[in-house]
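First comes the structure, then the notes that go with it.
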Amino acid sequence: MKLLEIAVFSIESAFIAAKAGANRLELCENYDNGGTTPSYGYLKTVRNQLSLPMFVMICPRAGDFVYNQEEFAAMKADILLCKQMGFDGIVAGVLKADGSIDKERMQQIVEWAYPMEVTFHRAFDRCNNPMMALQQIIACGCQRILTSGQQPSALEGKDLIQQLIDAANNDIIIVPGGGIRSNNLNALLQTIHSNEWHSSAKKLVPANSEYWVTTMHDAKEKIIADANEIAALQTILNAS
């Protein structure tokens with residue numbers, strides 16, 4: 001059976017995705033910035049009310065994945081909080097300025113997180129040598145790598161994703177992610193042989209407010225998880 005992980009960027013989306021049949025949630029905030037660590041209130045709310053497996057994004061800011069000492073200390077504090085709250089795993093990634101994996105810091109992250117699982121996120125898609133990085137991440141003790149194959153979408157990066165799966169030799173789970181939707185999943189399944197898949201399954205809906213100050217140019221839509229899209233993804237995965 002294949003597993004569907006849904007990245008959710010709000011409390012509302014977490015509840016939608018859980019009800020729609022996601023097998024696991026990746027809890028994030030700030031979709032437009034690639035995903036950052038959710039607030040304590042967000043985490044406490046979903047942890048108390050949802051029972052499915054949940055991994056928490058550990059990312060202190062938008063931008064690159066080269067962190068200073070204070071940012072890394074904040075990551076440690078968030079990891080220890082997630083462990084205290086009983087989450088199943090975290091999602092993190094740290095690079096050096098030259099695009100190589102920061103092995104020492106990743107080993108620390110794995111140690112701090114234990115017994116939670118660790119997914120190395122799409123910082124992997126910014127590393128300078130993916131095959132070398134694969135072996136280094138395995139050596140650090142991570143359980144998963146989330147990747148679009150160093151392309152903007154998994155569809156574009158599908159060949160490298162499958163090469164990584166072959167090279168991993170079951171030592172780590174390669175999770176395809178990046179632009180995966182029900183309208184391209186069948187095509188991806190023809191090339192990529194993975195048991196875990198990742199999607200945000202998002203849609204735009206009207207924002208809650210009925211009043212807008214027009215001079216502020218606020219967005220009148222918000223991003224939420226699409227229950228119908230999640231169900232469609234699950235139908236395809238269950239049939240594959």
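Remember, predicted model here, so these are calculated numbers, not experimental data. Quick note: numbers below take in every heavy atom, side chains included, and nothing from hydrogens, waters or symmetry partners.
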task = Working to the nearest 0.5 Å, report the span between CD1 of Ile165 and CD1 of Ile174.
result = 6.5 Å

query = At their closest point, which heavy atom of Leu50 faces which heavy atom of Ala18, and how far apart are they?
reply = CD2-CB, 3.9 Å

message = The test is side chain to side chain contact (heavy atoms under 4.5 Å, CB included); show your working for Tyr42 and Thr37 and say whether it passes.
response = CA-CA 10 Å; Tyr42 176 165; Thr37 306; over 6 Å; no

message = Taking Gly178's backbone N and O only, do any of them form a donor-acceptor pair with Ser148's side chain (distance below 3.5 Å, no angle check)?
response = no

query = How about Leu185 and Ser240: do any of their side-chain heavy atoms sit closer than 4.5 Å?
reply = no

ask   = Under 3.5 Å, is there a donor-acceptor pair linking the side chains of Asp159 and Gln163?
value = no

query = If you round to the nearest 0.5 Å, how far is CD of Gln135 from CG of Asn129?
reply = 10.5 Å

ask   = Side-chain contact, heavy-atom cut-off 4.5 Å: Phe87 with Ile79?
value = no

message = My understanding is that only one of Ile161, Ile192, Leu188, Thr191 makes a side chain to side chain contact (heavy atoms under 4.5 Å, CB included) with Leu155; could you say which?
response = Leu188

Determine all donor-acceptor pairs shorter than 3.5 Å in which one atom belongs to a side chain in residues 91-100; sequence neighbours excluded.
unit_1: Asp98; atom_1: OD1; unit_2: Ser100; atom_2: N; d: 3.0
unit_1: Asp98; atom_1: OD1; unit_2: Ser100; atom_2: OG; d: 2.6

query = More than 12 heavy atoms of other residues, nucleotides or ligands under 6.0 Å from CD of Glu221: is that the case?
reply = yes

ask   = Between Glu229 and Lys202, is there a donor-acceptor pair closer than 3.5 Å when you use the side chain of the first and the backbone of the second?
value = no

inquiry  = Hydrophobic clusters here meaning ILVMFWY residues chained together by side-chain heavy-atom distances under 4.5 Å, can you tell me if Leu3 and Ile172 are in one?
reply    = no

query = Can any side-chain N or O of Gln150 pair as donor or acceptor with the backbone N or O of Cys127 at less than 3.5 Å?
reply = yes

query = Are Tyr40 and Ile11 co-members of a hydrophobic cluster defined by side-chain heavy atoms under 4.5 Å apart?
reply = yes

ask   = Are the side chain of Asn48 and the backbone of Thr45 linked by a donor-acceptor contact shorter than 3.5 Å?
value = no

key: Nearest heavy-atom neighbours spanning Leu134 and Ala167   = CD2-CB, 3.6 Å

query = Does Lys2 count as lying over the ring of Trp197, i.e. NZ or CZ under 6.0 Å from the six-ring centre, within 45 degrees of the axis?
reply = no

query = How are the rings of Phe9 and Tyr31 set relative to one another: parallel (under 30°), tilted (30 to 60°) or perpendicular (over 60°)?
reply = perpendicular

message = Applying side-chain hydrogen bond (donor to acceptor under 3.5 Å, both in side chains) to Gln190 and Asn186, what does each step give before you reach the verdict?
response = CA-CA 7 Å; Gln190 294 176 19; Asn186 277 315; over 6 Å; no

request  = Look at the side-chain heavy atoms of Ile, Leu, Val, Met, Phe, Trp and Tyr, link any pair under 4.5 Å apart, and say whether Leu160 and Phe120 land in one connected group.
outcome  = yes

message = Does this structure show an ion pair linking Lys222 with Glu12, if we count only N-O contacts that are shorter than 4.0 Å?
response = yes

ask   = Within the side chain of Asp88, is there an N or O that forms a donor-acceptor pair under 3.5 Å with the backbone of Met54?
value = yes

ask   = Distance-only, no hydrogens or angles: does the Ser182 side chain make a donor-acceptor pair with backbone N or O of Ala232 under 3.5 Å?
value = no

query = Run the side chain to side chain contact (heavy atoms under 4.5 Å, CB included) check on Arg24 and Leu52 step by step: do they pass?
reply = CA-CA 6 Å; Arg24 186 172 67 226; Leu52 78 168; 5.7 Å; no

query = Taking only residues two or more places apart in sequence or in another chain, which ones pass ring-ring contact (aromatic ring centres under 6.0 Å, His included) with His121?
reply = Phe65

inquiry  = Tell me whether Ser199 contacts the main-chain N or O of Ile180 through its side chain, where contact means a donor paired with an acceptor under 3.5 Å.
reply    = yes

query = Is there a path of hydrophobic side-chain contacts, each under 4.5 Å between heavy atoms of I, L, V, M, F, W or Y residues, that connects Ile224 with Leu27?
reply = no

request  = Answer yes or no: is there a side-chain heavy-atom contact under 4.5 Å between Leu204 and Ile223?
outcome  = yes

ask   = Of the non-hydrogen atoms in Ala17 and Leu25, which two are nearest, and what is the gap between them?
value = CB-CD2, 3.6 Å

inquiry  = Around atom CE of Met131, are there more than 12 heavy atoms from other residues, nucleotides or ligands closer than 6.0 Å?
reply    = yes

key: Closest approach of Pro130 to Phe124 (non-hydrogen atoms, all atoms of both residues)   = O-CZ, 3.4 Å

ask   = Judged by atom type as modelled, is there a donor-acceptor pair below 3.5 Å linking the side chain of Asn30 to the main-chain atoms of Asp32?
value = no

query = Is there side-chain contact between Val175 and Ser194, with at least one heavy-atom pair below 4.5 Å?
reply = no

Joint cluster assignment, Ile16 & Leu43, ILVMFWY side-chain distance < 4.5 Å = no

task = Could you tell me whether the side chain of Gln49 and the main chain of Val46 form a donor-acceptor pair under 3.5 Å?
result = no

request  = Report yes or no: does Arg47 contribute a side-chain atom to a donor-acceptor pair with the main-chain N or O of Gly86 at less than 3.5 Å?
outcome  = yes

ask   = What is the minimum heavy-atom distance between Met106 and Cys140, and which atoms define it?
value = CB-SG, 3.8 Å

ask   = Does the side chain of Lys83 reach to within under 4.5 Å of the side chain of Pro115, using non-hydrogen atoms?
value = yes

message = With heavy-atom distances below 4.5 Å as the criterion, would you say the side chains of Gln143 and Val118 are in contact?
response = yes

task = Could you tell me whether Glu196 and Arg144 have a side-chain N and a carboxylate O separated by less than 4.0 Å?
result = yes

note = Here the gap from Gln136 atom CD to Lys103 atom NZ, rounded to the nearest 0.5 Å, amounts to 5.0 Å

key: Spacing of Thr119 atom OG1 and Met57 atom CE [to the nearest 0.5 Å]   = 9.5 Å

query = About how many Å separate CD1 of Ile109 and SG of Cys142, when rounded to the nearest 0.5 Å?
reply = 8.0 Å

query = Is the closest side-chain heavy-atom distance between Phe72 and Gln108 below 4.5 Å?
reply = yes

note = One should read off an interatomic distance between Ile90 CD1 and Met116 CE, to the nearest 0.5 angstrom, of 5.0 Å

request  = Write down the atom of Pro60, the atom of Met75, and the distance for their closest heavy-atom approach.
outcome  = CD-CG, 3.7 Å

request  = Could you walk me through whether Ile173 and Asn195 pass the side chain to side chain contact (heavy atoms under 4.5 Å, CB included) test, one step at a time?
outcome  = CA-CA 8 Å; Ile173 300 167; Asn195 289 325; over 6 Å; no

inquiry  = Apply side chain to side chain contact (heavy atoms under 4.5 Å, CB included) to residues Phe55 and Cys28 and explain how you reach the verdict.
reply    = CA-CA 9 Å; Phe55 290 177; Cys28 315; over 6 Å; no

query = Any side-chain heavy atom of Ile6 within less than 4.5 Å of one from Glu26?
reply = no

